[in-house]
Amino acid sequence: MDKVQQHFTQLLNSKGVSLSTQQLGQFETYFKELVDWNERMNLTGITEREQVYIKHFYDSLSLSFFVPIAQIQSIADIGSGAGFPSIPLKIAFPHLELTIVDSLNKRIQFLKHLCDKLSIGYVNCVHGRAEDVARLPEHRDRYDLVTARAVARLAVLNEFCLPFTKNGGTFVAMKGQDVQTEIEEAAYSLKELNGKLLDTHRFELPVEESTRHIVVIKKTGPTPRKYPRKAGTPLKVPLLRL
């Protein structure tokens, strides 16, 4: 174990997350595949090894500091991009049954390749727009935990993600520095989509000390039939009370 992985391990241990030698090997494979594929397609602007471990891997796992992952069985990651936060969560918590939804087929191909390389099972990579996939019976109101990391503003994310969340389940939005304005403007969409804001957790990302927020929302009822609206509409016309 070199300095980067040693630091990564120490940071996680302090949060009660321990990784085996095999899991650390999977994270290193993930890093190498990410950098390799990134030369052919745009997956991330972050490729320096220590930064990938902190800004992508540790940041993804930060969700588990605030949500009892051991009690979660099924998880859906909406707009996952290069697999964040769901693949790091799956590596650290192998019991998770994971569904990844992304609108770009090239990213889905990368994620399928990555899962093969990492030898992880119970991962379903779905190519499609969140608004379309959420209307399919096998995905609607189905998942214990739904997450999205840096995809859109919260009022939009609620319409992307709450339709996937089962009644009584949890939607977690992983956000950057300033979330208060987003939370205020998302109040109407939460009401419309049967979501209730439970908590907002603030923490500092190690090394660079930038601020992150974990917004935890509970699903309080089934998704109304009219949601989500047609693909593209939530981004163009967010659910805001005028």
Side-chain angles (χ1 to χ4, degrees), residues 63 66-69 71-81 84-86 89 96-105 107-108 123-176 178-201 213-242:
L63 184 149
F66 307 103
V67 175
I69 289 287
Q71 297 169 25
I72 302 292
Q73 185 172 1
S74 59
I75 176 173
D77 186 7
I78 311 304
S80 179
F84 307 120
S86 55
L89 287 167
L96 293 171
E97 295 172 10
L98 171 61
T99 296
I100 296 175
V101 178
D102 199 276
S103 61
L104 196 64
N105 194 41
R107 285 197 291 255
I108 289 293
V123 180
N124 180 24
C125 297
V126 180
H127 172 227
R129 300 282 291 266
E131 303 97 316
D132 297 328
V133 179
R135 288 203 163 271
L136 302 174
E138 63 266 35
H139 297 292
R140 190 174 184 83
D141 295 336
R142 146 127 173 57
Y143 296 94
D144 300 331
L145 174 67
V146 178
T147 186
R149 177 177 178 256
V151 172
R153 291 182 73 80
L154 193 57
V156 177
L157 282 184
N158 285 334
E159 192 168 357
F160 283 167
C161 297
L162 280 168
F164 288 89
T165 314
K166 77 177 186 183
N167 190 6
T170 307
F171 161 46
V172 175
M174 304 183 74
K175 308 294 291 182
D178 179 32
V179 291
Q180 195 50 45
T181 305
E182 285 191 44
I183 288 170
E184 288 167 10
E185 74 176 22
Y188 177 66
S189 63
L190 280 176
K191 188 179 170 190
E192 280 287 289
L193 292 153
N194 292 325
K196 179 186 178 184
L197 179 67
L198 285 188
D199 225 330
T200 304
H201 302 280
H213 287 87
I214 304 280
V215 182
V216 183
I217 292 165
K218 183 176 182 180
K219 181 81 170 277
T220 59
T223 305
R225 286 186 66 181
K226 61 181 173 178
Y227 297 117
R229 293 167 294 165
K230 195 170 81 173
T233 304
L235 265 174
K236 286 179 195 160
V237 191
L239 287 172
L240 304 173
R241 193 192 294 278
L242 300 175

Do any N or O atoms from the side chain of [X] and from the backbone of [Y] form a donor-acceptor pair under 3.5 angstrom?
{"X": "T147", "Y": "V172", "result": "yes"}
{"X": "K219", "Y": "L162", "result": "yes"}
{"X": "R149", "Y": "G79", "result": "no"}
{"X": "E159", "Y": "R229", "result": "yes"}
{"X": "N167", "Y": "G221", "result": "yes"}
{"X": "D144", "Y": "Q73", "result": "yes"}
{"X": "H127", "Y": "S103", "result": "yes"}

Below 4.5 Å, heavy atoms only, C-beta onward: do [X] and [Y] meet side chain to side chain?
{"X": "E131", "Y": "F160", "result": "yes"}
{"X": "N124", "Y": "E138", "result": "no"}
{"X": "I69", "Y": "L63", "result": "yes"}
{"X": "F164", "Y": "V101", "result": "yes"}
{"X": "I183", "Y": "L154", "result": "yes"}
{"X": "K230", "Y": "K236", "result": "no"}

Residue pair [X] / [Y]: nearest heavy atoms and the distance that separates them:
{"X": "A155", "Y": "A186", "result": "N-CB, 3.9 Å"}
{"X": "S86", "Y": "L98", "result": "CB-CD1, 3.4 Å"}
{"X": "D102", "Y": "S80", "result": "OD2-N, 3.4 Å"}
{"X": "H213", "Y": "T200", "result": "CD2-CG2, 3.9 Å"}
{"X": "A148", "Y": "D77", "result": "CA-OD1, 4.3 Å"}
{"X": "V156", "Y": "P234", "result": "CG2-O, 3.6 Å"}

Calculate, to the nearest 0.5 Å, the distance between atoms [atom1] and [atom2] belonging to [X] and [Y] respectively.
{"X": "N158", "Y": "F171", "atom1": "CG", "atom2": "CZ", "answer": "5.5 Å"}
{"X": "H201", "Y": "M174", "atom1": "NE2", "atom2": "CE", "answer": "11.5 Å"}
{"X": "E97", "Y": "I72", "atom1": "CD", "atom2": "CD1", "answer": "12.0 Å"}
{"X": "R129", "Y": "R135", "atom1": "CZ", "atom2": "CZ", "answer": "14.0 Å"}

_Using the rule side-chain contact (heavy atoms from CB on, under 4.5 Å), only one of L190, T165, T170 pairs with I217; which is it?_
L190
*asked:* Can you confirm whether F66 is buried at CZ, in the sense that more than 12 heavy atoms of other residues, nucleotides or ligands lie under 6.0 Å from that atom?
replied: yes
*Worked verdict on V126 versus H139 for side-chain contact (heavy atoms from CB on, under 4.5 Å)*: CA-CA 10 Å; V126 180; H139 297 292; 4.1 Å; yes
_R142: partners by side chain to side chain contact (heavy atoms under 4.5 Å, CB included), with sequence neighbours left out_ = S74
*side chain to side chain contact (heavy atoms under 4.5 Å, CB included) with T220: which residues, sequence neighbours excluded?*
N194, K196
*Check: D141/T223 side-chain N/O donor and acceptor closer than 3.5 Å*: yes
*Test L240 against R153 for side-chain contact (heavy atoms from CB on, under 4.5 Å), laying out the working first.*
CA-CA 12 Å; L240 304 173; R153 291 182 73 80; over 6 Å; no
